[in-house]
Amino acid sequence: MSLITPRTLKGFRDHLPESMLQREQLIDKVRSVFQSYGFSPIDTPALEYEEILLGKGGEETDKQIYAFEDHGGRRVGLRFDLTVPLARFSAQHIGALGTPLKRYQIANVWRGENTQKGRYREFAQCDFDTIGTKSMVADIETALVIHDLLVALGCEDFKIHVNNRKILTGLLASLGIEDQTVPILRCLDKLAKVGIKDMTTEMLTIDRVDEAAVASLLTLTEIRGSIADIFKSTRRIVTNNALFTAGLDELEELIHGLIVAGVPESRIHLDLSIARGLDYYTGNIFETFLEALPAIGSVCSGGRYDQLAETYTKTELPGVGASLGIDRLLAAMQEIGVLKPMQMGAEIFVVFFDPDRRDDYIRMTRQLRLAGLRVEMYSDPKKIGQQLKYANRRGHRFALIAGSNELDQGHCQVKDLNTGDADNVSLHDGFGTLVDTLKEKLSAL
RNA sequence: GUGGCUGUAGCUCAGUUGGUUAGAGCGCCGGAUUGUGGUUCCGGAGGUCGGGGGUUCGAGCCCCCUCAGCCACCCCA
């Protein structure tokens, strides 16, 4: 019989125990941050009707959606993000749930794009959103969650880049070229990478964009100084456009709120050139970069999207939220080397010493677990040295060694695998003394 | 999706201008007088050289295709 080569698809990965433990630990922290802000968990199907998914994020994202026909002839697609399914979910259930709806969802999404480090075709997003309010308080809290998430995950050096879609849209409207917003945004996004000269050249190839327009755009992105100075200078660029002014007001209110909440100003970066490719954003937008590894891209992005649900319902459902890319963040943290090695095994290891005493070990292991300890019993009565070697490698803290000698005398050896010290503990009262001793030793670590 | 670089044991890599049974270190498994690991010594297993096809008397080394990883564009978590 010929063997099938075991392999995984491009951009799809297996998760081994070591990195999965890290991942689950990070996700636990993410959950507790979400819950500390009053967000509740929901889940939605991986597969949606294609029509739900298409046309929400823009042309590029449509091309990246895994779409196919199911066995019933329905056009379906794997979700590209968690925000669009949320819009559908909200339109369907908001009557039962009421507003504002604060929910989070940690789940996989799929994108058929080319891979790179920290860019996969299947990856998990930790998405949180507030639906049903236009209040800037929701925007402020969104940014605060982003901030607290990164701190909780052990990242201290990061910057949250903030901007507001209305500023640029308003500026373009005042120039009469708002219908060119998408290509202009795309071009502007490259500023940091290609420089002013190349960007200008490309900008001028866009229909109806002249040098005066480019000059205005550059003025906007080139403003430097303190946050207050930036706002003051920016306001002077366009004075006759309500959208532009509204965008600035919203952004200013957002930043003000963050400062009031105690976020260090060094972690906020007012970046009028960030655009965000997703078409559905309408107001404040966020991108988060790690100082140590900006090249891996944004690890947590989002923004306000006030019209996303309008294709599903006539009820007005404005929303704001963001997504933490846990896989990308994990890749970044591994790259930077900030992750501490984790203990893989249970804390207690029971040596399968004497084959004739198997039942005693099973009983002992079981009783310790019932007492709340994490215990692993070795599966084969191999030589004790080998078992200890295994226990050591797996990171168990204490080994319980009990051959016929110990068991006949009614005690058990407790060996500290870090120091090598071993104590005899009585088993005369069942396992009570053993449990107490182990708990004492563990809490003393 | 487009372009560039890479692909040899679990991991990190050697492999001379194509030439007999493809190597090292680490790891893994086992042993060093009967029941104690993380240091030492000895031994062992493990590779269709990413996969497929071609050129050749002969290919890990050359050519084509394909798959995957990394990088850039694009886009994004």
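Comparing B:C70, B:C74, B:A68 by their nearest atom to the side chain of A:Lys10 picks out B:A68. Among the nucleotides B:U2, B:G69, B:G35, the one closest to any side-chain atom of A:Thr115 is B:G69. You'll find that the side chain of A:Gln125 is closest to B:A77, out of B:C75, B:A77, B:C71. Comparing B:G35, B:C67, B:C76 by their nearest atom to the side chain of A:Arg7 picks out B:C67. Across B:A77, B:U36, B:C74, the shortest atom-to-atom separation from the side chain of A:Ser323 is found for B:A77. Of the listed nucleotides (B:G31, B:C74, B:U36), B:G31 has the atom at the smallest distance from the side chain of A:Lys383. The side chain of A:Lys382 sits closest to B:G30 out of B:A77, B:G35, B:G30.
Comparing the same atom, P, in B:G58 and in B:U21 gives a spacing of 14 Å after rounding to whole Å. Here, B:G27 and B:C65 have their C1' atoms 36 Å apart, quoted to the whole Å. One C1' atom belongs to B:G25, the other to B:U8, and the distance between them is 15 Å to the nearest Å. Comparing B:A45 with B:U36, their P atoms sit 28 Å apart, to the nearest whole Å. Here the separation of B:A22 from B:U16, taken at their P atoms, is 15 Å to the nearest Å. Distance check on atom P: B:C29 versus B:G38 gives 12 Å, rounded to whole Å. Rounded to whole Å, the P atom of B:C73 lies 38 Å from the corresponding atom of B:G60. Taking the C1' atoms as reference points, B:G46 lies 25 Å from B:U6, given to the whole Å.
Under the stacking criterion of a centre-to-centre distance below 5.5 angstrom and an interplanar angle below 30°, A:Phe123 sits stacked against the six-membered ring of B:A77.
No contact: A:Glu122 has no heavy atom under 4.0 Å from any strand. Using a 4.0 Å heavy-atom distance criterion, A:Gly420 is classed as a base contact. Within the nucleic acid shown, A:Tyr390 has no heavy atom closer than 4.0 Å to any nucleic acid atom. The residue A:Gly385 sits close only to the backbone: its heavy atoms come under 4.0 Å of sugar-phosphate atoms, none of a base. Heavy atoms of A:Cys300 sit under 4.0 angstrom from primed sugar atoms or phosphate atoms, though from no base atom. At a threshold of 4.0 angstrom between heavy atoms, the contacts of A:Asn418 include nucleobase atoms, whether or not backbone atoms are also involved. Across all strands, A:Lys63 comes closer than 4.0 Å to no nucleic acid atom at all (heavy-atom distances).
For a distance-only test at 3.5 Å, the side chain of A:Gln413 qualifies as a donor-acceptor partner of the base of B:U36. Side-chain atoms of A:Glu113 come within donor-acceptor range of the base of B:A77, with a qualifying N/O pair under 3.5 Å. Side chain A:Gln386 to base B:G31: no donor-acceptor pair is found below 3.5 Å. Evaluation of atom-type donor-acceptor distances gives no pair under 3.5 Å for the side chain of A:Arg119 against the base of B:A77.
With a 3.5 Å ceiling on both atom-pair distances, B:U21 lacks any Watson-Crick or G-U wobble partner.
Around OH of A:Tyr49, the count of heavy atoms belonging to other residues, nucleotides or ligands within 6.0 Å does not exceed 12. More than 12 non-hydrogen atoms from other residues, nucleotides or ligands lie less than 6.0 angstrom from CD of A:Glu69. By the neighbour-count criterion of 12 heavy atoms within 6.0 Å, atom CD of A:Gln35 is densely surrounded, having more than that number from other residues, nucleotides or ligands.
Electrostatic pairing of A:Arg394 and A:Glu376 counts as a salt bridge here, judged by a charged N lying under 4.0 Å from a carboxylate O. Comment: A:Asp306 engages A:Arg304 in a salt bridge, judged by a side-chain N to carboxylate O separation of less than 4.0 angstrom.
As rounded to whole Å, 18 Å separates atom P of B:U36 from atom CG of A:Leu400. Look at CZ on A:Arg121: it is 8 Å from P on B:G69, rounded to the nearest Å. Taking atom CD of A:Gln116 as the reference point, atom C1' of B:G1 lies 14 Å away to the nearest angstrom. Atom CZ in A:Arg393 sits roughly 12 Å away from atom P in B:G38 (whole-Å rounding).
Taking the ring axis of A:Tyr120 as reference, the NZ or CZ atom of A:Arg13 stays within 45° of it and closer than 6.0 Å to the ring centre.
The phosphate of B:C76 (OP1 or OP2) has no side-chain N or O of A:Gln64 nearer than 4.0 angstrom.
Side-chain contact check for A:Gln105 and A:Thr44: at least one donor-acceptor pair (N or O, by modelled atom type) lies under 3.5 Å.
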